[in-house]
Student: 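Just passing along the structure, written as structure tokens.
These numbers were taken from a predicted model, which means no experiment stands behind them. Every chain is numbered from 1, with letters handed out A, B, ... down the list of sequences.
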There are 2 protein chains.
Amino acid sequence: MTDSDIPWLDEQEMHLWRRWLRVETELPAALGRALGQTSDLSMQDFETLVRLSESPEHRLRISALAEQMHWERSRLSHHLRRMSARGLVDKQDCKEDGRGSFVALTEAGMAALEQAAPDHVRAVRALFLDGATEDEKVVLGRVLDRVLERVAD
Amino acid sequence: MTDSDIPWLDEQEMHLWRRWLRVETELPAALGRALGQTSDLSMQDFETLVRLSESPEHRLRISALAEQMHWERSRLSHHLRRMSARGLVDKQDCKEDGRGSFVALTEAGMAALEQAAPDHVRAVRALFLDGATEDEKVVLGRVLDRVLERVAD
DNA sequence: ATCACTTACTTGACACGTCATTCAGATCGG
DNA sequence: CCGATCTGAATGACGTGTCAAGTAAGTGAT
């Protein structure tokens, strides 16, 4: 089998694909670095805290949180154990279902989120959102939607 | 400090940002799963093999490869050790510089690449490239370029 | 009530990435 | 030359993610 038998990408496609791959790795890396400089939170910590802060009573069933974040349960379980050890969240058992648990934001978690959020939001704007005009954002959103459909489990 | 003091994202921005985050994690996951079903290669293995196959004599200095791939040297070092143990690549020392090394594709590595490539390329098209029209690809490329500039080290 | 099945979550082993460190071999100033 | 420094690469410790297995509690049929 020679190269010509492979339905390879042409130059345009390859260029677009490789730029995608680079952004996919470097954007979160840059945002993570920025976030780490003004807080002790990772992007994952931040996202977790945001989801909780948006929830009634600042708490959620663990599986509900996992579903919202599109995380595997075991990943979330590991992560919450670490965040809990750092005092950012708190696990509470669930009266209605003896198997289940809630996770709740602690005071410290809320404080960490509020302290970190402004810089992080600024960074998301500076590195990502401001990179596209309004029209381009519309196109980008459309493309992302289609990719998500194709990827959907 | 209350929520209103935080320069949060509006609904449009948040929606776009979260879709981006989802695609950023789920697209590589889906491609990795697909690749894993028809080969024993990860996306990282594949990318490494492609770079080598595109190089003269199918080999490169390790630091050159790291630079091409935008990988940290130690990451590449770890990865090449594993790939080498699986017989996909081969390390050779460099006459001109006693510190340096080359990595070369093995026969098995080339065979694995050629076997995996068609399906992988099809998957990249099906999940990503076909999600955008030609016009949208132009826009997407422009946006990715701008984001890369902003992220650039 | 009991036994099988499902659900909610945890755990442990392992793969990968990062960071700091190490080490040999270049390179360069004196 | 020779010591200081730099460079290419490997290594070890550690954090995080995945997958498979485990535990405990709910559900449901008989």
Student: Quick check against the 3.5 Å criterion: does B/Thr106 have a side-chain atom that pairs as donor or acceptor with the backbone of B/Leu88?
Tutor: yes

Student: Within the 4.0 Å heavy-atom criterion, would you say A/Ser101 contacts the bases, only the backbone, or no part of the nucleic acid?
Tutor: sugar-phosphate

Student: Looking across every strand, which nucleic acid part, if any, lies under 4.0 Å from B/Ser42 by heavy atom: base, sugar-phosphate, or nothing?
Tutor: nothing

Student: Find the distance B/Met43:CE to C/dA15:C1' and express it as a whole number of Å.
Tutor: 17 Å

Student: Between the side chain of B/Ser77 and the main-chain N/O of B/Ser74, is any donor-acceptor distance below 3.5 Å?
Tutor: no

Student: Would you mind telling me which residue lines up with the more 5' stretch of DNA chain D, B/Ser63 or A/Ser74, judged by nearest nucleotide?
Tutor: B/Ser63

Student: Report the distance from atom CE of A/Met69 to atom P of C/dC9, rounded to the nearest whole Å.
Tutor: 15 Å

Student: Going by heavy atoms closer than 4.0 Å, what residues in residues 78-99 of chain B are next to DNA chain D?
Tutor: B/His78, B/Lys91, B/Arg99

Student: Under 4.0 Å from OP1 or OP2 of C/dT18: is there any side-chain N or O of B/Arg73 that close?
Tutor: no

Student: Donor-acceptor pairs under 3.5 angstrom involving side-chain atoms of residues 64-72 of chain A: please list them, not counting sequence neighbours.
Tutor:
none

Student: Output yes when B/Asp119 and B/Arg122 qualify as a salt bridge under the 4.0 Å nitrogen-oxygen rule, no when they do not.
Tutor: yes

Student: Determine, for B/Asp40 against B/Arg86, whether the closest basic-nitrogen to carboxylate-oxygen distance falls under 4.0 angstrom.
Tutor: no

Student: Expressed in angstrom and rounded to an integer, what is the separation of A/Glu24 atom CD from C/dG17 atom P?
Tutor: 13 Å

Student: D/dC19 P sits how many Å from A/Trp71 CH2, rounded?
Tutor: 15 Å

Student: Could you tell me the separation between the CD atom of B/Glu72 and the P atom of C/dT18, rounded to a whole number of Å?
Tutor: 5 Å

Student: Return the value, rounded to whole Å, for the distance between atom CG of A/Leu76 and atom P of D/dG17.
Tutor: 10 Å

Student: In sequence, state the C-alpha distance, the side-chain angles, and the governing distance for B/Val139 and A/Leu140, and then conclude on side-chain contact (heavy atoms from CB on, under 4.5 Å).
Tutor: CA-CA 8 Å; B/Val139 173; A/Leu140 179 56; over 6 Å; no

Student: Looking at C/dG17, I'd like to know if its phosphate oxygens (OP1 or OP2) sit under 4.0 Å from a side-chain N or O belonging to B/Gln44.
Tutor: yes

Student: Once you round it to whole Å, what is the distance between C1' of C/dC16 and CG of B/Leu41?
Tutor: 16 Å

Student: Using atom types as modelled and distance alone, determine if a side-chain donor or acceptor of A/Ser39 lies under 3.5 Å from a backbone N or O of A/Gly36.
Tutor: no

Student: Rounded off to whole Å, could you give me the CZ-to-P distance for the B/Arg75 and C/dA15 pair?
Tutor: 17 Å

